[in-house]
2 protein chains.
Amino acid sequence: MMVSSLTLPDALMTLDSNTPAALRPHDHDACIDAALAAAEQTCKEQGLRLTPIRRRVLELVWQSHRPVGAYELLEALSADGRRAMPPTVYRALDFLVNAGLVHRLATLNAFVGCHDPLHPHQGQFLICGDCRRVVEFHSGSVNRSLDRKARNLGFELTEQNVELLGRCSDCRDAH
Amino acid sequence: MMVSSLTLPDALMTLDSNTPAALRPHDHDACIDAALAAAEQTCKEQGLRLTPIRRRVLELVWQSHRPVGAYELLEALSADGRRAMPPTVYRALDFLVNAGLVHRLATLNAFVGCHDPLHPHQGQFLICGDCRRVVEFHSGSVNRSLDRKARNLGFELTEQNVELLGRCSDCRDAH
DNA sequence: CGTGCATTTGATATACTATAACAATAAGAG
DNA sequence: CTCTTATTGTTATAGTATATCAAATGCACG
């Protein structure tokens, strides 16, 4: 499936370079391919098994840069021909989340593909309340501030979940 | 209900001053009273109605510094004698959250009392994975880092949800 | 190439979290 | 007091997630 904006390269020229990849017109098939290739690699390296179901769920999660719910994935799996039940998709998601290939957005009860599965990290996300697209980011200064604050309050950190809701530039421009 | 640690003031001497109030032995009745008083005040100031159900739910949320689930609150309300149904407690919680008196922790599907309802703010929380106690904090440097990052990525922020999972000093000391 | 063990998947049932919709009641304005 | 609005009661259902046990598959080892 070719993204139509690719036929309009002029549109790209008006975007400033800070616009996150997920919000730019792009060849999304390449996104999916890259994500699957990275998944194959990390799984091979860590001795994890990217079975057909898991691979398919990952592919489905990557169909867009929007978070997708477990039951949406379930429907998509059923459309494939498998008559999948909830535990099937939740197990695949558990695997993918633990393998660092997918993130769960707690505020939305939904899942997005991880941008950078090759480097372990924790979740920081911007979510557009209008178009629902999600941008994952990693801020050293946010991490340092959070670590310092936690240490001051006597906490050892094990996980972080930072979800910011707002409006992306596209949606703001569109009023 | 008197907190037994109050009879052991020596214990207080060993705690460093950075220990959050929620983790220190303290007269928790005073906590509840203060929370309810602050709630009365904000509601009066903003023309909101702190009805008996809402007040009772707030009181129940404040029974501890641990997050409490909606259905736990429901049971507690039923124990009071009212035979409450889910919408009752969810409506009360919606009201309290919107009034800034209670925060919802998305990662736990649970609710905690807000420390500082008199000053509007957004949620930043440390959650101890062992004892489940929650410490709310509010870091200017975290906020600045998040704002800057969001702006760089073209986002206008409307809400933030920062939940850090870890282990508090008490639980670490207890191995 | 079996055999045995561990991992994964299938299938059923159920738990947990949250809201829609409409009726009944209570509170506040005039 | 009466009108209007906000709140609560009630029933039903939607949406999210897991427990449990059985069947199938993958894989290491002899």
Side-chain angles (χ1 to χ4, degrees), chain A residues 39-40 43-44 46-61 66-99 101-112 127 132 161 163, chain B residues 39-40 43-61 66-99 101-112 132 161 163:
Chain A
E40 305 275 12
C43 287
K44 176 162 288 183
Q46 300 184 247
L48 301 173
R49 288 168 54 195
L50 190 64
T51 62
I53 293 179
R54 292 166 176 173
R55 193 177 195 284
R56 179 62 180 142
V57 169
L58 181 60
E59 193 180 2
L60 289 168
V61 166
R66 292 177 175 81
V68 56
Y71 279 74
E72 288 177 72
L73 293 168
L74 198 51
E75 279 179 40
L77 282 181
S78 296
D80 279 359
R82 344 175 160 263
R83 334 175 274 317
M85 304 306 288
T88 298
V89 67
Y90 278 104
R91 282 189 289 227
L93 287 168
D94 280 355
F95 171 86
L96 295 169
V97 168
N98 286 317
L101 300 169
V102 160
H103 293 293
R104 178 170 190 273
L105 299 180
T107 59
L108 301 177
N109 295 325
F111 301 83
V112 280
I127 303 165
R132 311 305 281 173
N161 189 278
E163 301 181 28
Chain B
E40 305 274 11
C43 287
K44 176 164 287 181
E45 282 173 9
Q46 300 185 246
L48 301 173
R49 289 169 53 195
L50 190 64
T51 62
I53 293 179
R54 292 166 177 175
R55 193 177 196 284
R56 179 62 179 142
V57 169
L58 181 60
E59 193 180 4
L60 289 168
V61 167
R66 293 177 174 83
V68 56
Y71 279 73
E72 289 177 72
L73 293 168
L74 198 51
E75 279 181 40
L77 282 182
S78 297
D80 280 358
R82 345 174 160 265
R83 333 175 276 317
M85 304 304 288
T88 298
V89 68
Y90 279 105
R91 282 191 288 228
L93 287 167
D94 280 353
F95 171 87
L96 295 168
V97 168
N98 285 318
L101 300 169
V102 160
H103 292 293
R104 177 169 190 275
L105 300 180
T107 59
L108 300 177
N109 295 324
F111 301 83
V112 280
R132 311 306 280 173
N161 188 277
E163 300 181 28

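Chain letters run A, B, ... following the sequence lines, proteins first and then strands; every chain starts at 1.
- Residue order along DNA chain D, read from the 5' end via each residue's closest nucleotide, puts B:T51 first among B:P87 and B:T51.
- By the 5.5 angstrom centroid cut-off and the 30-degree plane limit, A:Y90 is classified as not stacked against the base of D:dT18.
- To the nearest angstrom, P of C:dT9 lies 11 Å from CG of A:L77.
- Nearest to the side chain of B:R49, among D:dA17, D:dA6, C:dT8, sits D:dA6.
- The residue A:R82 sits apart from the nucleic acid: no heavy atom pair falls under 4.0 Å.
- With a 4.5 Å cut-off on side-chain heavy atoms, B:I53 and B:R91 do not count as touching.
- Note: CD1 (B:I53) to P (C:dT25) measures 15 Å, nearest angstrom.
- The backbone N or O of A:I127 lies less than 3.5 Å from no partner atom in the side chain of A:E163, so there is not a single donor-acceptor pair.
- Base contact: A:R91 has a heavy atom under 4.0 Å from a base atom.
- The CG-P distance, from B:L73 to C:dT17, rounds to 11 Å in whole Å.
- The shortest heavy-atom contact between B:R104 and B:N109 is NH2-OD1, 3.0 Å.
- Computed from coordinates, the A:L48 CG to D:dC27 P distance equals 13 Å when rounded to whole Å.
- Here B:Y71 does not count as stacked on C:dC16, because the ring centres are not under 5.5 angstrom apart with planes under 30°.
- Atom CG in B:L93 sits about 9 Å away from atom P in C:dA18, given to the nearest Å.
- For C:dT17, neither phosphate oxygen OP1 nor OP2 lies less than 4.0 angstrom from any side-chain nitrogen or oxygen of A:N109.
- The CG-P distance, from A:L105 to D:dA17, rounds to 11 Å in whole Å.
- For the pair A:V61 and A:L101, the minimum side-chain heavy-atom distance is 4.5 Å or more.
- Separation of atoms CZ (A:F111) and CG (A:L58) is listed at 13.0 Å; rounding is to 0.5 Å.
- Straight-line distance from the CG atom of B:D94 to the P atom of D:dT7: 12 Å, rounded to whole Å.
- Between the CG atom of B:L74 and the C1' atom of C:dT19 there is a distance of 14 Å, given to the nearest Å.
- Annotation: of the two residues near DNA chain C, A:M85 and B:A70, the 5′-most nearest-nucleotide partner is A:M85.
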